[in-house]
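What follows is a single structure, written as structure tokens, with notes after it.
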Amino acid sequence: MIRRISALLLISGTLWLVHAPRIAALPQSYEGGSTSYDVSWPNCKATPPTAVAGIVGATGGLNFAKNPCLAAEATWFSNTSLYSNTGYKAVAAPAYAGWPKRCSLDDQKCLAYNWGYNAGRYAVTYAASHGVHAGIWWLDVETVNSWSDVVRYNRASIQGTYDAIKHYTVVAAVGVYAYPSQWDQLTGSWRPGWPAWAATGTNDRSTAIQACQESSFSGGAIWLTQYTRRLDEDYVCP
């Protein structure tokens with residue numbers, strides 16, 4: 001996003017970082033009332049939009065998956081944010097039982113946190129390997145990905161991804177993208193207070209503008225609302 005404050009140092013295989021302060025208000029890099037775009041692997045062959053700001057998927061639709069055109073899409077915008085897919089796949093979680101927490105194999109909440117944390121670290125490391133950094137990251141939370149029927153495990157996985165991105169990057173903020181109803185279904189109406197990017201599921205810009213006035217599904221300020229035309233477009237809430 002703000003490239004001059006976004007840096008990861010990879011020294012002898014170790015990621016080093018400096019934490020940036022958390023910002024609650026709309027950052028200057030998002031101009032209220034303007035239009036942003038979000039793109040990822042389905043848009044690899046798309047014509048780049050004429051826009052200053054954009055959000056690019058670091059991952060390719062799932063945890064531990066790559067967006068093969070991340071580096072190219074990141075050049076489409078002068079102000080680039082990134083997003084990471086989220087989820088929780090319980091059958092694969094034991095592989096991450098030992099880090100960052102030491103989890104017993106019957107502690108599903110701990111395993112879910114580690115799964116999410118390692119997925120977040122994967123996304124940051126993959127983006128950094130292509131020289132792509134951002135001052136703002138978003139967590140993409142959608143029901144189409146793998147989740148648990150137990151909402152506290154889903155929350156733990158999302159929290160793990162959030163914590164990893166905060167730990168391994170120099171960021172102004174980490175926010176969350178979701179359809180409000182899907183967020184409530186997956187998390188049990190959890191309100192962590194993070195910045196919100198609300199999907200509307202329409203192609204109507206006026207609906208997206210109105211969505212800025214709705215209650216926030218995350219409990220934090222609504223920064224963006226999404227509607228879809230040729231590409232996904234995002235209205236920046238004033």
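Only this structure's heavy atoms are used, side chains among them; waters, hydrogens and symmetry mates stay out. Every value quoted in this text rests on a predicted model; they were computed, and no experiment measured them. Note that the numbering runs from 1 along the sequence shown for the chain.
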Between Y162 and W137, is the ring centroid distance below 6.0 Å? no
Distance (rounded to the nearest 0.5 Å) between [X] [atom1] and [Y] [atom2]:
X: I136; Y: S81; atom1: CD1; atom2: OG; value: 4.5 Å
X: S84; Y: I165; atom1: OG; atom2: CD1; value: 5.0 Å
X: N118; Y: Y113; atom1: CG; atom2: OH; value: 10.0 Å
X: W138; Y: Y83; atom1: CH2; atom2: OH; value: 13.5 Å
X: T187; Y: R152; atom1: OG1; atom2: CZ; value: 14.0 Å
X: L231; Y: Y37; atom1: CG; atom2: OH; value: 7.0 Å

Work out which heavy atom in [X] is nearest to a heavy atom in [Y]; give both atom names and the distance.
X: L82; Y: H133; result: CD1-C, 4.2 Å
X: T225; Y: C237; result: CG2-SG, 4.0 Å
X: L105; Y: A97; result: CD2-CB, 4.0 Å
X: T169; Y: V171; result: OG1-CG1, 2.8 Å
X: V132; Y: A71; result: CG2-CA, 4.2 Å
X: A92; Y: W115; result: CB-CZ3, 3.6 Å

Does the side chain of [Y] come within less than 4.5 Å of [X]'s, by heavy atoms?
X: P42; Y: S40; answer: yes
X: S104; Y: L111; answer: no
X: E233; Y: D38; answer: no

Do the side chain of [X] and the main chain of [Y] share a donor and acceptor less than 3.5 angstrom apart?
X: R229; Y: N203; answer: yes
X: S34; Y: E31; answer: yes
X: R155; Y: G188; answer: yes
X: Y235; Y: A211; answer: no
X: T125; Y: Y122; answer: no
X: D107; Y: C110; answer: yes
X: T161; Y: G116; answer: yes
X: D232; Y: T228; answer: no

With distance as the sole criterion, is a donor-acceptor pair present between the side chains of [X] and [Y] under 3.5 Å?
X: Q108; Y: Y153; result: no
X: N79; Y: Y30; result: no
X: Q226; Y: Y177; result: yes

Output all residues satisfying ring-ring contact (aromatic ring centres under 6.0 Å, His included) with W76, sequence neighbours left out; order by chain, then residue number. none
I'd like to know whether Q159 forms a side-chain contact (heavy atoms from CB on, under 4.5 Å) with Y117, so could you lay out the CA-CA distance, the side-chain angles of the two residues, the decisive distance to 0.1 Å, and finally the verdict. CA-CA 8 Å; Q159 184 69 61; Y117 191 97; over 6 Å; no
What's the verdict on side-chain contact (heavy atoms from CB on, under 4.5 Å) for L139 and V174, showing C-alpha distance, side-chain angles and the deciding distance? CA-CA 7 Å; L139 310 182; V174 178; 4.0 Å; yes
Do R121's NZ or CZ and the ring of Y168 fall within the cation-pi criteria of under 6.0 Å and 45°? yes
Listing, residues 48-64 side-chain donor-acceptor contacts under 3.5 Å, not counting sequence neighbours, or none:
residue: T59; atom: OG1; partner: N85; partner atom: N; Å: 2.9
residue: T59; atom: OG1; partner: N85; partner atom: OD1; Å: 2.8
residue: N63; atom: OD1; partner: G87; partner atom: N; Å: 3.3

Is there a chain of hydrophobic side chains (I, L, V, M, F, W, Y, each step under 4.5 Å between heavy atoms) that links Y227 to L224? no
Considering only distance and modelled atom types, tabulate donor-acceptor pairs under 3.5 Å from the side chains of residues 140-150, sequence neighbours left out.
residue: T143; atom: OG1; partner: Q182; partner atom: OE1; Å: 3.3
residue: N145; atom: ND2; partner: T86; partner atom: O; Å: 3.0
residue: W147; atom: NE1; partner: E142; partner atom: O; Å: 2.8
residue: S148; atom: OG; partner: V150; partner atom: N; Å: 2.9

Residue pairs involving [range] (criterion salt bridge (Lys or Arg N to Asp or Glu O under 4.0 Å); sequence neighbours excluded):
range: residues 44-60; value: none
range: residues 167-194; value: D184-R191
range: residues 68-97; value: none

Looking at W183, W190, W197, which one forms a ring pair (Phe, Tyr, Trp, His ring centres under 6.0 Å) with F217? W183
May I ask you to decide if the ring planes of Y126 and H130 are parallel, tilted or perpendicular, using 30° and 60° as cut-offs? perpendicular
